[in-house]
Amino acid sequence: MVERLRPLVDLHRERRPPAVRFRPETWRPWLEPRQATHVLNLGIEDPSGLHGDRIGDRMISREDLAALRKLAGDSPEGLRDLLAAMIWGSGTTNGRGPRYTAAALSDPRLPHVLETTRRSVRTGDLSGAYRQFKLAGVRRSFLTKWLAAVDDREVTCDRSLILDDRVLQSLNALGWYSGEAAGSNCWATRYVAYADAMHRWADPLVVTAAWLEWLLFDLNGGVDVP
């Protein structure tokens, strides 16, 4: 698999994940009843949002999420704020994001789920964290965004990664299938097999697993090299 990835990595090595644009006013009606509108101040004002339909848009990056993770601490309120990963994951194209985030914030299981999954991530039990994360409105793509957002272990650890349909599309196009790698149809087991493989591939490619994850997301199955 490393040799299949190498031409893609070499072609895109100098690229960096861009910030994601989001529209605070789209999210405000959903977050206001849950006292969570302060997360809409994350990131910076979109430099191109001075006119037209982009007025008021903001840009949020992975670095913004890392900064928020440091501020979150272990308080229930701080962990709840990390659900801003939903905003980062939705941008302006996923119209279901605000509704699903509001459903998660309203779920009475929220404080317990966020606390227990963070504890599992910190001990390296990604399978357990995946299985424990059960909230209204949250499925695999956003579940794994949460696991990645909350993972504050040392960078030398094999940190949590995002696994969404676009990443899977690229991996499948390269001939890698999570079910086969895991020897199981259980998504928690498949997620661990994916995360382990990505970290294993990243080292000889001299990139981070997080960057490799972004590249596969960006390619969305278009893995042919010119």
Side-chain angles (χ1 to χ4, degrees), residues 1-23 26 57 59-66 84-101 126-127 129-131 133 137-149 151 158-226:
M1 186 63 174
V2 169
E3 294 312 311
R4 277 175 273 171
L5 285 166
R6 193 179 302 281
L8 288 169
V9 169
D10 289 343
L11 180 64
H12 297 282
R13 189 179 294 277
E14 301 305 316
R15 298 178 60 208
R16 293 296 177 266
V20 175
R21 183 166 58 91
F22 75 97
R23 193 155 291 153
T26 299
D57 285 4
M59 306 293 291
I60 183 171
S61 67
R62 290 181 181 234
E63 290 73 24
D64 293 320
L65 290 180
M86 291 289 205
I87 294 176
W88 173 75
S90 293
T92 59
T93 59
N94 186 348
R96 299 165 296 179
R99 174 162 48 92
Y100 288 167
T101 304
L126 300 189
S127 176
Y130 192 107
R131 287 184 281 104
F133 201 100
V138 179
R139 299 297 180 265
R140 172 175 37 83
S141 293
F142 283 120
L143 185 166
T144 57
K145 286 180 174 68
W146 161 257
L147 298 183
D151 197 337
D158 289 352
R159 285 185 172 181
S160 309
L161 299 168
I162 298 167
L163 178 59
D164 66 8
D165 291 341
R166 292 174 63 103
V167 173
L168 279 174
Q169 183 87 349
S170 292
L171 288 170
N172 292 349
L174 288 164
W176 188 90
Y177 302 92
S178 61
E180 289 182 5
S184 171
N185 287 325
C186 170
W187 271 109
T189 305
R190 293 166 71 172
Y191 174 66
V192 172
Y194 155 75
D196 288 348
M198 291 284 280
H199 284 282
R200 189 170 64 251
W201 300 331
D203 283 345
L205 292 169
V206 199
V207 295
T208 66
W211 183 89
L212 185 59
E213 165 223 296
W214 165 76
L215 178 63
L216 294 173
F217 167 86
D218 187 63
L219 296 175
N220 193 23
V223 297
D224 294 333
V225 177

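- Salt-bridge annotation for R200 and D158: absent, with no side-chain N of the basic residue lying under 4.0 Å from a carboxylate O of the acidic one.
- Smallest separation of non-hydrogen atoms from A129 and L147: CB-CD2, 3.8 Å.
- Relative orientation of the Y191 and Y130 rings is tilted, given thresholds of 30° and 60° on the angle between their planes.
- Between the CE atom of M198 and the CG atom of L163 there is a distance of 9.0 Å, given to the nearest 0.5 Å.
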Given side chain to side chain contact (heavy atoms under 4.5 Å, CB included), test L8 with L174 step by step and report yes or no.
CA-CA 11 Å; L8 288 169; L174 288 164; 4.0 Å; yes
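- Within the 4.5 Å cutoff, the side chain of Y100 has no heavy atoms near those of the V138 side chain.
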Check the pair V9 / L212 against side chain to side chain contact (heavy atoms under 4.5 Å, CB included), numbers first and verdict last.
CA-CA 8 Å; V9 169; L212 185 59; 4.0 Å; yes
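- Taking CZ of R139 as the reference point, atom CZ of F133 lies at 11.0 Å (rounded to 0.5 Å).
- Atom-to-atom distance recorded for W187:CH2 and L143:CG is 11.5 Å, nearest 0.5 angstrom.
- Nearest heavy atoms, R190 versus S178: NE-OG, 2.9 Å.
- Here the closest heavy-atom approach between residue A19 and residue M59 is recorded as O-CE, 3.6 Å.
- Residues K145 and L65 fail the side-chain proximity criterion, which asks for heavy atoms closer than 4.5 Å.
- The minimum heavy-atom distance linking A181 with W176 is given by the pair CB-CZ2, 3.4 Å.
- Using a 4.5 Å heavy-atom threshold, the side chains of R4 and V223 count as separate.
- Considering OG1 of T208 and CG of D203, their distance stands at 10.0 Å, rounded to 0.5 Å.
- A salt bridge is defined here as a Lys NZ or Arg NE, NH1 or NH2 lying under 4.0 Å from an Asp or Glu carboxylate O, and R159 with E213 fails to meet this definition.
- In plain terms, the two heavy atoms of S160 and L126 that are nearest each other are OG-CD2, 3.3 Å.
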Can you check side chain to side chain contact (heavy atoms under 4.5 Å, CB included) on R6 and L205, steps first, answer last?
CA-CA 7 Å; R6 193 179 302 281; L205 292 169; 3.9 Å; yes
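- Between the CZ atom of F217 and the CG atom of D164 there is a distance of 5.5 Å, given to the nearest 0.5 Å.
- Side-chain contact between I87 and T101: absent, with no pair of heavy atoms (C-beta onward) separated by less than 4.5 Å.
- A salt bridge (Lys or Arg N to Asp or Glu O under 4.0 Å) with D218 holds for exactly one of R166, R15, R16; it is R15.
- Within the 4.5 Å cutoff, the side chain of L215 has no heavy atoms near those of the S170 side chain.
- For the pair H12 and W211, the tightest heavy-atom approach, listed with the atom from each and the gap, is O-CZ2, 3.2 Å.
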